[in-house]
S.K.: 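I have a structure here, written as structure tokens, and I will follow up with some questions on it.
Numbers here simply count residues along the sequence, with the first being 1.
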Amino acid sequence: MPHLDAAYDLARWLTRRGADADDIVQESFVRALRFFASFRGENPRSWLLAIVRDCYFQRLDQARPERSDVAFDEEIHTGSAASAIPDSALRGEEQRQLLRGAIERLPLEFREIVVLREIQDLSYREIAESVGIPIGTVMSRLARARGWLQRTLNPTIGKDTE
């Protein structure tokens, strides 16, 4: 169970609820045990996180059969409550809470990439394997997510000075 914490962290970020994350992790470990014979000795953490992700999306599809993915629109997603908070208030725990809230507001396709890279410390290749997308897409999504987070947490970035 060396990757239990990583599996729970990813599930928690995806589901945004502890109880749902517990269920996803439990289901993921059951699947991992069932399909362990198919494990080819690749990175075990990456393999397990891919199972966690698959369990989450399968559950999401069952809950909402006609799920439509929403494209990341920078115009829509740039406004936030964080922009009203002065820089002096962004200290310690408050700063962590603002960052956590900003990450939670990211669209899922960007949030999962940020969590896998910045929190789980997976390489681009490991993320690409876990998520099933090209490395270039991983890099693009990560760059867009980081830019959105920067603009959300520091609203003066990118504004013209007069």
Side-chain angles (χ1 to χ4, degrees), residues 2-18 20-21 24-25 27-28 31-32 39-61 64 67-85 87 90-160:
H3 304 297
L4 179 62
D5 289 340
Y8 179 79
D9 285 346
L10 177 60
R12 177 71 173 90
W13 278 105
L14 293 175
T15 64
R16 299 179 182 153
R17 296 188 53 212
D20 291 341
I24 296 287
V25 169
E27 184 178 336
S28 298
R31 283 187 189 180
F39 179 63
R40 300 283 183 249
E42 307 97 24
N43 182 329
R45 187 170 83 171
S46 174
W47 179 73
L48 179 62
L49 294 178
I51 294 171
V52 169
R53 184 180 178 278
D54 290 344
C55 286
Y56 168 73
F57 280 110
Q58 184 175 44
R59 203 173 254 228
L60 188 65
D61 287 341
R64 290 184 307 187
R67 177 177 70 100
S68 63
D69 290 316
V70 178
F72 185 80
D73 184 347
E74 293 188 29
E75 294 294 321
I76 293 172
H77 294 97
T78 54
S80 77
S83 64
I85 299 173
D87 288 338
L90 300 177
R91 304 280 192 270
E93 185 60 32
E94 291 175 0
Q95 188 174 10
R96 282 188 290 279
Q97 290 300 322
L98 286 173
L99 179 58
R100 177 177 291 280
I103 292 171
E104 287 181 355
R105 286 190 303 275
L106 280 170
L108 179 60
E109 65 185 0
F110 297 99
R111 187 173 66 241
E112 72 178 340
I113 300 297
V114 168
V115 168
L116 291 170
R117 178 68 188 134
E118 304 301 343
I119 297 173
Q120 296 301 325
D121 200 32
L122 265 62
S123 69
Y124 293 155
R125 180 178 300 135
E126 292 169 329
I127 295 169
E129 290 171 2
S130 293
V131 178
I133 59 176
I135 290 177
T137 304
V138 169
M139 293 170 25
S140 172
R141 287 182 184 177
L142 187 58
R144 290 181 68 193
R146 285 175 175 165
W148 184 86
L149 289 170
Q150 263 189 329
R151 286 187 304 278
T152 298
L153 295 172
N154 188 355
T156 61
I157 292 176
K159 289 188 178 180
D160 293 330

S.K.: Check Ile133, Leu106, Thr137 against Ile113 for a side-chain contact (heavy atoms from CB on, under 4.5 Å) and give me the one that passes.
M.R.: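 Considering Ile133, Leu106, Thr137, a side-chain contact (heavy atoms from CB on, under 4.5 Å) with Ile113 is found only for Ile133.
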
S.K.: Please lay out, stage by stage, how Val114 and Trp148 fare under the test side chain to side chain contact (heavy atoms under 4.5 Å, CB included).
M.R.: CA-CA 11 Å; Val114 168; Trp148 184 86; over 6 Å; no

S.K.: Is it the case that the side chain of Arg59 and the backbone of Asp20 share a donor-acceptor pair, with hydrogens and angles ignored and the cut-off at 3.5 Å?
M.R.: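 Checking the backbone N and O of Asp20 against the side chain of Arg59, no donor-acceptor pair under 3.5 Å is found.
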
S.K.: Quick one: pull up CZ in Arg45 and CG in Asp5 and give me the separation to the nearest 0.5 Å.
M.R.: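 Answer for the CZ-CG pair, Arg45 versus Asp5, is 11.0 Å.
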
S.K.: Ignoring hydrogens, what is the shortest heavy-atom contact between Ala21 and Tyr8? Give both atom names and the distance.
M.R.: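 Looking at all heavy atoms of both residues, the shortest contact is CB-CE1, 3.6 Å.
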
S.K.: Please round to the nearest 0.5 Å and tell me the distance separating atom CG of Leu10 and atom CZ of Arg12.
M.R.: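 The CZ atom of Arg12 is 12.0 Å from CG of Leu10, to the nearest 0.5 Å.
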
S.K.: Atom CG in Leu99, atom CD in Glu94: separation rounded to 0.5 Å?
M.R.: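 If we round to the nearest 0.5 Å, Leu99:CG and Glu94:CD are 13.5 Å apart.
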
S.K.: Between the main-chain N or O of Leu122 and the side-chain N or O of Arg117, is there a donor-acceptor pair closer than 3.5 Å?
M.R.: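 The answer is yes, because a donor-acceptor pair under 3.5 Å joins these two groups.
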
S.K.: Hey, could you give me the CD/CD1 distance between Gln120 and Ile127, rounded to the nearest 0.5 Å?
M.R.: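 Here the rounded value is 10.0 Å.
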
S.K.: What distance do Ile51 atom CD1 and Ser46 atom OG have between them, rounded to the nearest 0.5 Å?
M.R.: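 Those atoms lie 10.0 Å apart.
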
S.K.: With the side chain counted from C-beta on, respond yes when Arg105 and Thr152 share a heavy-atom pair under 4.5 Å apart, and no when they do not.
M.R.: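 Of all side-chain heavy-atom pairs linking Thr152 with Arg105, at least one is under 4.5 Å.
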
S.K.: I need the minimum non-hydrogen distance between Cys55 and Ser28, along with the two atoms involved.
M.R.: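 Smallest heavy-atom distance, with atoms named: SG-OG, 3.5 Å.
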
S.K.: Check step by step if side chain to side chain contact (heavy atoms under 4.5 Å, CB included) holds for Leu108 and Phe57.
M.R.: CA-CA 11 Å; Leu108 179 60; Phe57 280 110; 3.2 Å; yes

S.K.: Could you walk me through whether Ile24 and Leu14 pass the side chain to side chain contact (heavy atoms under 4.5 Å, CB included) test, one step at a time?
M.R.: CA-CA 10 Å; Ile24 296 287; Leu14 293 175; over 6 Å; no

S.K.: Are any side-chain N or O atoms of Arg111 and backbone N or O atoms of Trp13, one a donor and one an acceptor, separated by less than 3.5 Å?
M.R.: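 At least one qualifying donor-acceptor pair exists.
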
S.K.: What residues form a salt bridge (Lys or Arg N to Asp or Glu O under 4.0 Å) with Arg16, not counting sequence neighbours?
M.R.: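 Residues passing salt bridge (Lys or Arg N to Asp or Glu O under 4.0 Å) with Arg16: none at all.
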
S.K.: What are the two closest non-hydrogen atoms of Val52 and Ala7, and how far apart are they?
M.R.: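 So the two residues come closest at CG2-CB, 3.7 Å.
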
S.K.: Do the side chains of His3 and Pro44 get nearer than 4.5 Å, heavy atoms only?
M.R.: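 They are in side-chain contact.
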
S.K.: How many angstroms lie between CG in Leu142 and CG in Leu149, if you round to the nearest 0.5 Å?
M.R.: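 Leu142 CG to Leu149 CG: 9.5 Å, rounded to 0.5 Å.
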
S.K.: Could you list the residues that satisfy ring pair (Phe, Tyr, Trp, His ring centres under 6.0 Å) with Trp47, not counting sequence neighbours?
M.R.: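 Partners of Trp47 under the ring pair (Phe, Tyr, Trp, His ring centres under 6.0 Å) test: Phe39.
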
S.K.: Quick check against the 3.5 Å criterion: does Ser140 have a side-chain atom that pairs as donor or acceptor with the backbone of Gly136?
M.R.: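 Side chain of Ser140 to backbone of Gly136, a donor-acceptor pair under 3.5 Å: no, none is there.
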
S.K.: Listed by chain and number, what are the side-chain hydrogen bond (donor to acceptor under 3.5 Å, both in side chains) partners of Asp54, not counting sequence neighbours?
M.R.: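 Residues passing side-chain hydrogen bond (donor to acceptor under 3.5 Å, both in side chains) with Asp54: none at all.
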
